[in-house]
Protein chains: 2
Amino acid sequence: MVAESTQERAPLSKERVLQAAVDLADEAGIEALTMRGLADRLGVEAMSLYYHVANKEAMLDGVVDMIVTEISEAADEAAPPSGGADWKTTMRNRILAAREVLLRHKWAPAVMETRTSVGPATLRYYDDLLRVFREGEFSYDLAHHAMHALGSRALGFTQELFDPADQETGDEDMEAEMAAMAEELPHLVEMLMEISHEGAETTLGWCDDQTEFEFGLDLLLDGLERLREPA
Amino acid sequence: MVAESTQERAPLSKERVLQAAVDLADEAGIEALTMRGLADRLGVEAMSLYYHVANKEAMLDGVVDMIVTEISEAADEAAPPSGGADWKTTMRNRILAAREVLLRHKWAPAVMETRTSVGPATLRYYDDLLRVFREGEFSYDLAHHAMHALGSRALGFTQELFDPADQETGDEDMEAEMAAMAEELPHLVEMLMEISHEGAETTLGWCDDQTEFEFGLDLLLDGLERLREPA
DNA sequence: ACCTGAACACCGTTCAAGT
DNA sequence: ACCTGAACACCGTTCAAGT
């Protein structure tokens, strides 16, 4: 009696492969997303995947397309184009919604950065952003600059200064380490001390990501608004 | 007679290993930077590298540190802190110099994004940026927001909309393809047509990277300037 | 049409051993 | 102190073959 036969299992499809890939990365991290690991999760041999995707790169392209589709849907739900709100509110809410999606798929930005071509979902998302600008009476020229200026933030990419788990030192010698750092990095240390005194956290994990994201986004959107209607 | 002996060859060192790694990536691309390939270039067995670096990740950490050191030096040469110029000019010229360095090491941003901890060179570079803000009479709070808002742009990262070689279609059916795209991506297509009519290039490789980089950078710096001196 | 088995070329890395 | 050889576990991928 064979344990798993083709009949007992839903047949593979490109969609099932890509969905499984997203789930695997969500649950076990991007380094777990190998062709062999993905096949395992689908109860199939590694080589079977090659019937549905050309190779690993094509698989990753598909995965990114799924994520961007999710971003697009979230953005449309939060603030559809032609939804009645002004361009800045619409753009702001769309991009904040995009960020929320990426918080659910923390591995995704790194994969997106490795893509060398733009998939259909991304093109569609950009087209929608452009539409919002146009409905806000931007010229195509300014809208074009705006897209570059937003950069990966348009897709919800967060800009972290120091990466999440940067704590390699025990809590004990925090004082001593600070003193040593203070000589070489005086401004960084002073900033740290000042901000930690007034705020919540005392360690290096002090930045409120949501606040910083909105600060940077608003800085750009406000600047664009001024360029749109010169003085 | 043995071809290559330890005596005939300069002995390895961490610095030589890292420099060779940078050179290899420059010449052959990041995918050529394997432990075995790196050893080859140094005329040594792969395992010898492990005497000088803990593992591949540590090697990449070191490589990033070298690049950021190069960025720091270029920034200092272009516009040293306390160099006499106002904060905005100094910051602008430093970041433009950083970008020039990354143009010489196109593979570097992708590697930098994969680092999970911040090296000494990066800390020093950030400390210097902070110093420039402070000399421009920013509060630490605003300077902190500013660093997040600049994000990876502070290190000279370019924000490309579509990646370099996105031309997978022959030149012939450009017209036909445009027509097909126009239905699904009306704004993108219209923008393309408008910009290509007035400008230089006619294809998808139309964006002047330098211009777009400066546009986004100035948008941020101008916005920060306004926040620094409220009305 | 869909999936598999065996095999290949290539990784990073270990460990014990050489000089 | 510095480097090596052999070996291991793991990749992505090919190709011819099975149902």
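From a predicted model like this one, the values you see are computed outputs, not experimental measurements. Naming convention: chains lettered A, B, ... in sequence-line order (proteins, then strands); numbering from 1 in each chain.
Atom-to-atom, CG of B:Leu33 to C1' of C:dG12 comes out at 13 Å; the value is rounded to the nearest Å. The CG atom of A:Asp40 sits 15 Å away from the C1' atom of C:dC3 (whole-angstrom rounding). Going from atom CD of A:Glu15 over to atom C1' of C:dC2 covers 16 Å, rounded to whole Å. A:Leu12 places its CG atom 13 Å from the C1' atom of C:dT4, with the value rounded to the nearest Å. Note: CD (A:Glu31) to C1' (D:dC10) measures 14 Å, nearest angstrom. Note: CE (B:Met35) to C1' (D:dC3) measures 14 Å, nearest angstrom. The interatomic distance linking B:Tyr50 (OH) with D:dT4 (P) rounds to 14 Å, in whole Å. The distance from atom CG of B:Leu42 to atom P of D:dT4 is 11 Å, rounded to the nearest whole Å.
The nucleotide D:dA1 finds its pairing partner in C:dT19, both defining distances of the Watson-Crick or G-U wobble pair being shorter than 3.5 Å. Base pairing of C:dA6: its partner is D:dT14, meeting the Watson-Crick or G-U wobble criterion (both donor-acceptor distances under 3.5 Å).
Look at A:Ser48 and you'll find a side-chain N or O under 4.0 angstrom from OP1 or OP2 of C:dT4. Between A:His52 and C:dC3 there is a side-chain N or O to OP1 or OP2 distance below 4.0 Å. For the OP1/OP2 pair of C:dC3 and a distance below 4.0 Å, the side-chain nitrogens and oxygens of A:Tyr51 include no atom meeting the criterion.
Closest to the A:Met47 side chain, of the nucleotides C:dG12, D:dT14, C:dC3, is D:dT14. Considering only side-chain atoms of B:Glu45, the nucleotide from D:dT4, D:dA1, C:dG5 that sits closest is D:dT4.
The two residues A:Leu18 and A:Met66 make their nearest non-hydrogen contact at CB-SD, 3.5 Å. Listed here is the closest heavy atom pair of B:Asp127 and A:Pro186: OD2-CD, 3.3 Å.
The number of heavy atoms from other shown groups lying within 6.0 Å of CD (A:Glu77) does not exceed 12. Crowding of A:Glu183 atom CD: a count of heavy atoms from other residues, nucleotides or ligands under 6.0 Å not exceeding 12.
Nearest-nucleotide positions on DNA chain C place A:Ser13 closer to the 5' end than the other of B:Ala46 and A:Ser13. Residue-to-nucleotide proximity on DNA chain C shows that, of A:Val44 and A:Arg36, the 5′-proximal contact is made by A:Val44.
Of the charged side-chain nitrogens involved, none lies within less than 4.0 Å of a carboxylate oxygen, so that B:Asp26 and B:Arg104 do not count as a salt-bridged pair.
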